[in-house]
**Student:** 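Quick one: the structure is below, questions incoming.
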Amino acid sequence: MQPQPDLDAIQCTLDGPVAVVRLRRPAKRNALSDGLILALRHTFETLPEAARAAVVCGEGEHFCAGLDLSELRERDAAEGVLHSRMWHTALEAVEKGRVPVVAALHGAVVGGGLELASACHIRVADDTAYFALPEGSRGIFVGGSGSVRIPKLIGVARMTDMMLTGRVVGADEAERIGLVQYRVGAGQALDKALALARRIADNAPLTNFALMHALPRIAEQASDHGLFTEALMAAVAQAAPEAKARLRAFLEGKAAKVRQDA
Ligand code: 1HE
């Protein structure tokens, strides 16, 4: 039977302009069942219209324990491909959706949980967060786009090490190697993620769109093509009325300056 979205496993609430998407299977450490993956896709495809940024977080002691291993049954190769493609579509809805997404990470961020975090645009880890790719010890491979996204953050060598040895990367190291952009004290990841998301929500939507949809593509293009795409995107963004209004406000001394403590 085809899996159905488990809409109880995700809660989406609006905090001002920020959609807060919470994984809600704490008894199973927010393990990603097929129903939860489908609900994640549905949630990001139907975010409230007022949302201009989103935060993803996990209920309970951990962000996410990865693939729900209890659902890992005998699959033939074709079913395995389709299952992985279902994850790809869902995480694509996170990464290339309508609004930028900040992940608030605590406790275990492992396997598919790390794949989900990698699909977000910014990652904030608190001191309790730890990261691992235990697929090797489970006899499987990443299937939720981790092999594409994680090396872009930390490089192929570090990901290979994590998968070959199963070693756990703590919050300190995660920040140092670029797995996360922010590190905060225990219990503060959600507050920090919300503060960042509110700032993001203040940007012109077209700038956020360019960062989500143009920048990753430009980064993968040959530099000559990338520069041309950049020029097109820059011209489109500059021509928007909102950009004109923002530039005018700055030139009239009515807009915030760049400040180190802001
Ligand atoms: C689970 C899962 C799960 C917990 N699938 N049920 N992921 C992993 O290999 C990680 C496996 N999980 C763990 O190592 C630990 O559970 C944690 C470090 C995340 C948390 O430890 P702890 O002590 O807080 O919790 P726990 O007692 O181990 O788990 C509580 C319950 O959640 C328990 O069920 P219960 O019925 O005995 O209460 C666990 O069985 C259950 N649980 N994690 C199913 N993952 C697209 S490909 C992606 C490939 C992967 O993600 S592979 C990595 C899978």
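Computation of the quantities below employed the complete heavy-atom set of this structure, encompassing side-chain atoms and omitting hydrogens, waters and symmetry-equivalent molecules. Both ligands and their constituent atoms are indexed starting at 1 by order of listing.
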**Student:** Near Glu252 CD, under 6.0 Å, is it more than 12 heavy atoms from other residues, nucleotides or ligands?
**Tutor:** yes
**Student:** Testing the basics here: between Gln221 and Thr229, what is the closest heavy-atom pair and its distance to 0.1 Å?
**Tutor:** OE1-OG1, 2.7 Å
**Student:** Looking at ligand 1, is there an atom of it that comes within less than 4.0 Å of some heavy atom belonging to Ala27?
**Tutor:** yes
**Student:** Can you confirm, on distance only, whether ligand 1 has an N/O atom lying under 3.5 Å from any N/O atom belonging to Gly112?
**Tutor:** yes
**Student:** One residue to check: Ala65. Relative to ligand 1, which of side chain, backbone, both or neither has a non-hydrogen atom less than 4.0 Å away?
**Tutor:** both
**Student:** Can you tell me which residue and heavy atom of the protein come closest to atom 45 (N) of ligand 1, and the distance to 0.1 Å?
**Tutor:** Leu67 O, 2.9 Å
**Student:** List the atom of Ala19, the atom of Leu47, and the distance in Å for their closest heavy-atom pair.
**Tutor:** CB-CD2, 4.0 Å
**Student:** Taking only heavy atoms of Trp87, which atoms of ligand 1 are found under 4.0 Å from at least one of them?
**Tutor:** 46 (C)
**Student:** List the closest protein heavy-atom neighbour of atom 13 (C) of ligand 1: residue, atom name, distance to the nearest 0.1 Å.
**Tutor:** Arg138 NH2, 4.8 Å
**Student:** Which of the numbered atoms in ligand 1 are below 4.0 angstrom from a heavy atom of Tyr130?
**Tutor:** 18 (C)
**Student:** Of the choices Arg25, Glu115, Lys28, which has the non-hydrogen atom that lies closest to atom 38 (O) of ligand 1?
**Tutor:** Lys28
**Student:** Compute the shortest N/O to N/O distance between Leu69 and ligand 1 and return yes if it is under 3.5 Å, no if not.
**Tutor:** yes
**Student:** With atom 53 (C) of ligand 1 as the reference point, say which of Cys64, Gly139, Pro134 has the nearest heavy atom.
**Tutor:** Pro134
**Student:** For atom 47 (S) of ligand 1, what is the nearest protein heavy atom, given as residue, atom name and distance?
**Tutor:** Gly143 N, 3.5 Å
**Student:** May I ask you to list the atoms of ligand 1 that are less than 4.0 angstrom from any heavy atom of Gly66?
**Tutor:** 51 (O)
**Student:** Students should be able to answer this: which protein heavy-atom is nearest to atom 30 (C) of ligand 1, and at what distance?
**Tutor:** Arg29 CZ, 3.5 Å
**Student:** Consider ligand 1: state whether an atom of it lies below 4.0 angstrom from any non-hydrogen atom of Glu61.
**Tutor:** no
**Student:** Do me a favour and list the nearest non-hydrogen protein atom to atom 21 (O) of ligand 1 with residue, atom name and distance?
**Tutor:** His62 NE2, 4.1 Å
**Student:** Considering only the protein, which heavy-atom contact is closest to atom 49 (C) of ligand 1, and what is its distance?
**Tutor:** Glu135 OE2, 3.3 Å
**Student:** To the nearest 0.5 Å, what is the distance between CD (Glu59) and CD (Gln11)?
**Tutor:** 7.0 Å
